[in-house]
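Worksheet: one structure, shown below.
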Amino acid sequence: MNQMNHYSVTRLFILCSLLFTLFSSDLQAQKSLDNKPLITIGNENITVKEFMDVFRKNNLNNETLDKKSLEEYLELYVNFRLKVAEAKSLKMDTNKAFITELAGYRSQLSKPYFTDEKVTEQLLEEAYQRKLKDIRASHILISLSKDAAPKDTLAAYQKIMSIRQRILNGESFAAIAGQESDDPSAKDREAIPNQRPFRPGNKGDLGYFSVFDMVYPFENGAYNTPVGSLSMPVRSDFGYHLIKVTEVTDATGSIEAAHIYVSVNPGATDEEVAEKKAKIDKIYAKILEGTSFEDAVVQYSEDRGSAAREGKLAKFTVNRIVPEFVETIKKMKPGEIAPPLQTIYGFHIIKFIANEPPGSFEEEKTALKDRIAKDGRAKKSEDAVISQIKKESGFALNQKNVSKFMSSLDSSLLQGSFNANPHKANKKTLFNLDKKAYTVADFTAFVAKNQKKQDGMTAEAYGYKLLNDFVRESCIAWEDARLETKHKEFGALMNEYRDGILLFDLMDKKVWSYAVKDTSGLKEFYNKHRNNYMWGERASSTIFTVSNSLEVDKTRKLIETLPDDGSVAQAFDADSIRSVRIQPGKFERGDSRFLDQIEWKENSINQLFSDVDNQTIIIKIREIHPPLPKELDEARGMITSDYQNYLEKIWVEELRKKYPLVVRHQLLEEVSLSGR
């Protein structure tokens with residue numbers, strides 16, 4: 001038994017080894033074939049793989065590799081490569097417009113390589129989950145510049161922490177927001193006689209919002225704070241925030257609602273407010289008694305803009321309207337009318353019409369991805385890419401040289417007047433990416449170009465910020481410079497774009513625009529080939545379409561008795577016949593479905609009825625024209641297109657004579673036989 005097992009294992013090992021050897025040989029043969037030059041144009045070789053990559057990309061539906069289809073495509077491809085060779089020979093790839101256009105395409109095409117797909121997918125999932133919820137929250141802000149000096153940052157942090165402790169000790173969040181928050185909307189706005197009325201502050205209440213409605217750090221703080229809890233300080237570009245989440249509900253999405261509005265002036269007295277409340281209550285009572293909401297809108301609403309639309313407001317989301325409005329709608333069902341509610345603007349009776357909640361992840365994915373790309377959270381993906389670039393490049397910071405340079409910075413940097421000239425010869429290394437050293441001279445040139453006036457920062461702190469920006473820019477540039485070699489598919493794509501732009505520009509110059517401008521050449525081409533552009537048999541006819549059945553007989557009689565269309569049209573006007581459409585012209589077979597239904601005879605009148613259109617069609621044929629060549633202006637588009645094809649054919653023949661061309665057709669035989 002043991003001997004049998006040993007024999008079986010040995011046999012299996014030999015078979016696997018043999019299969020591996022055969023498979024490896026096959027792979028080596030394929031690799032060898034791929035690398036063989038299929039086409040040589042001048043000094044340029046185009047390998048089997050290059051050709052096959054393009055063939056497969058442009059023949060996705062062709063599952064079989066027969067020699068006929070390969071040969072047909074090879075002919076087109078050779079012509080294409082000859083034209084590109086000519087464009088390069090003319091140095092069109094050094095043209096400024098070409099370089100700019102290609103750089104623009106490259107910038108767009110390279111973007112996916114500077115985003116981390118894993119991070120992007122996480123951000124997509126996070127954004128979608130947040131889109132499913134609406135949050136109502138309040139905040140207290142202590143303002144702080146995003147580039148503040150460390151001592152100012154510490155002072156702001158200590159202040160926000162002391163405020164947090166006061167709230168935890170039992171003081172009212174709203175009261176403290178009105179006193180301490182640097183958000184102007186939190187505080188009461190006092191009245192100024194004859195200038196502005198009193199306006200109460202929101203005491204920090206931001207109302208409802210969802211994903212993308214707030215800056216990303218604030219959004220994170222809000223969505224990660226439980227209902228009723230108080231967050232730790234959250235840092236954004238505006239400063240430090242304390243966030244109190246008061247409500248989390250299922251997302252309402254896009255809302256459609258109508259209202260009846262009774263305004264209350266900001267400085268209204270209690271007595272005036274009571275009068276307005278009595279008015280809105282009477283309106284609501286009438287609705288309960290049977291007056292339709294829409295009739296009440298027309299009679300009583302003081303929002304004249306929406307009154308013209310039965311009270312309907314433009315569709316809105318929860319962050320676009322006062323929170324009392326949203327709070328009420330969230331408790332309603334479509335078609336319901338809510339009792340009067342008061343906002344800072346006055347009194348409202350709301351009718352909830354409909355809402356469109358968020359769709360499925362697949363439905364929302366594209367829009368979310370676009371929003372993420374334009375939002376501050378996209379930096380998370382870029383940060384992940386920068387970290388990977390630093391790892392691959394062996395990024396190393398020379399802290400000693402960095403510290404020495406930063407300590408030498410003075411107030412000129414904060415004033416935006418830093419002078420890089422004294423540092424041009426300073427070759428001390430600040431950091432390395434791969435084998436490239438980035439020096440003080442490199443960095444100071446960057447600083448001189450990007451510096452801006454700064455307040456509330458030290459020169460050293462601003463210097464480190466600029467260094468961080470310089471490192472990021474250098475990392476991206478380092479990675480960008482090797483995209484074509486690191487990612488073969490990107491290199492191939494850029495080659496396609498480069499060749500495509502060159503081909504377009506050259507074809508426009510030699511064929512397309514040339515054919516349009518070369519009027520004498522076009523005329524000569526037409527004269528030689530005019531019999532290729534023939535009219536078929538045509539009938540000079542007029543089609544009268546009568547939509548009023550009571551006017552058919554009168555119309556036909558006028559057509560039979562009057563000599564021409566002008567006389568017929570005048571008679572229609574005189575007799576007030578308004579239901580007839582007149583369509584004169586020379587018609588070929590196939591131009592009119594009505595003419596195609598009748599026998600063509602000169603000086604004949606035919607009548608048809610269309611039961612689909614409920615119309616009577618009267619056709620008068622005056623003359624029948626035999627086939628004859630079209631004039632140049634009658635077929636200019638078709639003739640110009642054929643002239644362009646003719647010019648291209650002659651030009652390609654010239655290129656085949658100009659450039660040494662070798663095509664190794666036997667290699668295509670090998671490709672088709674291998675099935676690759």
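As the structure is a prediction and not an experimental result, all values here were calculated from the model.
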Short side-chain to backbone donor-acceptor contact, Glu484 and Met494, under 3.5 Å: no
Side chain Tyr223, main chain Lys133, donor-acceptor under 3.5 Å: yes
Modelled atom types, side-chain donor and acceptor of Thr252 and Asp134, under 3.5 Å: yes
Side-chain touch Ile163/Tyr240, heavy atoms, less than 4.5 angstrom: no
Lys96 and Ile99, any side-chain heavy atoms less than 4.5 Å apart: no
Pairing of Lys315 and Glu356 as salt bridge, 4.0 angstrom limit: no
For the student: nearest non-hydrogen atoms of Glu302 and Ser263, plus distance: OE1-OG, 2.8 Å
Mutual orientation of the aromatic rings belonging to His348 and His259 [parallel < 30°, tilted 30-60°, perpendicular > 60°]: parallel
Exam field: side chain Ser107 to backbone Ala103, donor-acceptor pair closer than 3.5 Å: no
Any donor-acceptor N/O pair, Arg164 side chain to Ser231 backbone, under 3.5 Å: yes
Donor-acceptor pair, side chain of Ser411 and main chain of Leu414, under 3.5 angstrom: no
Contact summary for Glu336 and Met332, nearest pair of heavy atoms: O-CE, 3.0 Å
Side chain to side chain, Ile329 and Phe316, heavy atoms closer than 4.5 Å: yes
Donor + acceptor pair across side chains of Asp183, Ser181 (<3.5 Å): no
Derivation of the salt bridge (charged side-chain N to carboxylate O under 4.0 Å, His left out) call for Lys380 and Asp116: CA-CA 9 Å; Lys380 285 185 70 173; Asp116 187 293; over 6 Å; no
Polar contact flag, side-chain donor to acceptor under 3.5 angstrom, Ser185-Asn202: yes
Heavy-atom closest contact (Ile353 atom, Ala257 atom, distance): CD1-C, 4.0 Å
Flag, side chain of Thr246 to backbone of Arg136, donor-acceptor distance under 3.5 Å: yes
Lys111 and Thr115, any side-chain heavy atoms less than 4.5 Å apart: no
Heavy-atom neighbours of Glu271 CD exceed 12 at 6.0 Å: no
Main-chain N/O of Asn220 paired to Asn224 side chain as donor or acceptor, under 3.5 Å: yes
For Tyr497, ring pair (Phe, Tyr, Trp, His ring centres under 6.0 Å) partners two or more places apart: Tyr105
Nearest atoms (heavy-atom pairs only) where Asn401 meets Thr429: ND2-O, 2.8 Å
Test item: Asn468 side-chain N/O and Lys465 main-chain N/O as donor-acceptor pair under 3.5 Å: no
Note, Phe490 side chain near Arg106 side chain (heavy atom, < 4.5 Å): yes
Lys277/Asp281 ion pair, N-O < 4.0 Å: yes
Lys486 atom NZ, over 12 foreign heavy atoms within 6.0 Å: yes
Pair Glu126 + Arg130: basic N to acidic O under 4.0 Å: yes
Glu364 bridged to Arg371 by N-O distance under 4.0 Å: no
Phe431 and Tyr438 aromatic ring geometry - parallel, tilted or perpendicular at 30°/60° bounds: parallel
Donor-acceptor side-chain pairing of Asp410 and Ser412 below 3.5 angstrom: yes
Ser210 versus Asp213, side-chain donor and acceptor atoms under 3.5 Å: no
Phe218 vs Phe238, ring pair (Phe, Tyr, Trp, His ring centres under 6.0 Å): CA-CA, chis, key distance, verdict: CA-CA 10 Å; Phe218 188 95; Phe238 301 102; 9.4 Å; no
Lys286 bridged to Asp295 by N-O distance under 4.0 Å: no
Aromatic plane relationship, His487 with Tyr113 - under 30° parallel, 30 to 60° tilted, over 60° perpendicular: tilted
Beyond-backbone contact of Glu324 with Tyr345, side-chain heavy atoms, under 4.5 angstrom: no
Check: Arg377 side chain, Lys374 main-chain N or O, donor-acceptor pair, under 3.5 Å: no
More than 12 heavy atoms of other groups within 6.0 Å of Arg472 CZ: yes
Pairing of Glu247 and Lys330 as salt bridge, 4.0 angstrom limit: no
Atom of Ala307, atom of Val297 and distance for their closest heavy-atom approach: CA-CG1, 3.6 Å
NZ/NE/NH1/NH2 to OD/OE distance under 4.0 Å, Asp188 and Lys203: yes
Whether over 12 other heavy atoms sit under 6.0 Å from Asp270 CG: no
Sub-4.5 Å side-chain heavy-atom contact between Gln342 and Ile280: no
Glu310/Lys351 ion pair, N-O < 4.0 Å: no
Parallel, tilted or perpendicular: ring planes of Phe470 versus Phe446, cut at 30 and 60 degrees: tilted
Flag side-chain contact, heavy atom, 4.5 Å: Leu467 against Phe405: no
Closest approach of Ser143 to Asp182 (non-hydrogen atoms, all atoms of both residues): N-OD2, 2.8 Å
